[in-house]
Amino acid sequence: MTQQVVLVTGASSGFGRLTVEALARRGHTVFAALRDIGGRNEKAAAELRAMAGAESLDLRVVELDVTDQASADRAVGAVVEAAGRLDVVVNNAGLIFPGPVEAFTAEEAQRQFDVNVLGALRVSRAALPQLRRQGHGALIQVGSISSRVTIPYSGLYAASKAALGSLTEAWRHELAPFGVEAAIVDAAPYPTSIGANAVMPVDAGRFQAYGEGFGRFVGELTGRQTHDPGDPQDVADAIVGLVETPDGERPLRTVVAPAAQYDAVVALNDRAAETARLVAADMGVTAFLAG
Ligand SMILES: NC(=O)c1ccc[n+]([C@@H]2O[C@H](COP(=O)([O-])OP(=O)(O)OC[C@H]3O[C@@H](n4cnc5c(N)ncnc54)[C@H](OP(=O)(O)O)[C@@H]3O)[C@@H](O)[C@H]2O)c1
């Protein structure tokens, strides 16, 4: 297995944190990208550095706020200066604005997209010149099955993840001639800090108009006594698996979900890929598709 130089955004908690720890323990050179290292993420940065020291891991912390292009440029520049190359970018940073679509202002929707969609665009824009120069590399996005099947009260989030999926598909085709790959993980809900970090709508009046339905929805979701919440490590392991997959062999979509959902979402993805090939053939542009 080739040791990879990997940059992971949103590495302070959840999937990102588990991913950087797992990658570093497997011997990769890992740059854990956190925003606000001197403030809100001081403790997480210190813990990662302590872990690197205690276990002699090549795990370094780098400042990166995905809502700031200059921050993304600086982070990628620091990685390339320190490691001499960058093999894989994991666009993981994200958050959720849960609630009925109508309750959110356009400004709140912009913030949802600013992190989940434009964040990945900024980091990829910073990294791609280096990846294209190298003639190899990968962009791995952390998406959601809610981009494939949208349930109520997650409309903004699902729309942002659907946009991320579309960008990934376009990158996959456009970057293939440069030897650069794009892939996305369609993850089911897992217990991370995403709930605690959720941003609720400020327009209380609009929100309350849906109060009873939203309340019942949350009650149903959280009240399932027999429901196994799943292990977020499964998502981190899937990302590690993609990092370690040889160039040219990474699948476009990797589904990580409970068994009951897994087969159905994989079948949906397969059907979508087949449909994309048919549409491209009908448009006479099959030659421009990645394999
Ligand atoms: N958990 C799920 O159910 C689930 C399912 C499917 C997909 N996902 C996706 O998985 C990814 C990771 O989420 P998670 O579940 O692990 O939640 P999490 O524990 O809340 O982690 C989110 C990470 O994103 C970071 N982040 C937020 N805004 C940022 C910004 N402007 N710049 C840089 N980093 C920023 C957070 O940093 P701070 O600590 O500074 O806020 C945190 O490190 C997200 O893209 C999420 O949408 C989650």
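Atoms within a ligand are numbered from 1 in the order they appear, just like the ligands themselves.
Using a 4.0 Å cut-off between charged nitrogen and carboxylate oxygen, Glu107 and Arg111 do not count as a salt-bridge pair. For the pair Glu169 and Arg253, the salt-bridge criterion is met [side-chain N within less than 4.0 Å of a carboxylate O]. Look at Arg35 and Glu63 and you find no salt bridge, because none of the NZ, NE, NH1 or NH2 atoms lies under 4.0 Å from a carboxylate O.
Residues with a heavy atom under 4.0 Å from ligand 1: Gly10, Ala11, Ser12, Ser13, Gly14, Phe15, Arg35, Arg40, Asn41, Leu64, Asp65, Val66, Thr67, Asn92, Ala93, Gly94, Val115, Val142, Gly143, Ser144, Tyr157, Lys161, Ala187, Ala188, Pro189, Tyr190, Thr192, Ser193, Ile194, Asn197.
The minimum heavy-atom distance between Asn116 and Ser160, with the atom names listed, is ND2-OG, 3.1 Å.
One side chain, Gln233 or Asp237, offers a donor N or O that lies under 3.5 Å from an acceptor on the other.
For residues 133-166, the set of pairs meeting the ring pair (Phe, Tyr, Trp, His ring centres under 6.0 Å) definition, not counting sequence neighbours, comprises Tyr153-Phe214, Tyr153-Phe217.
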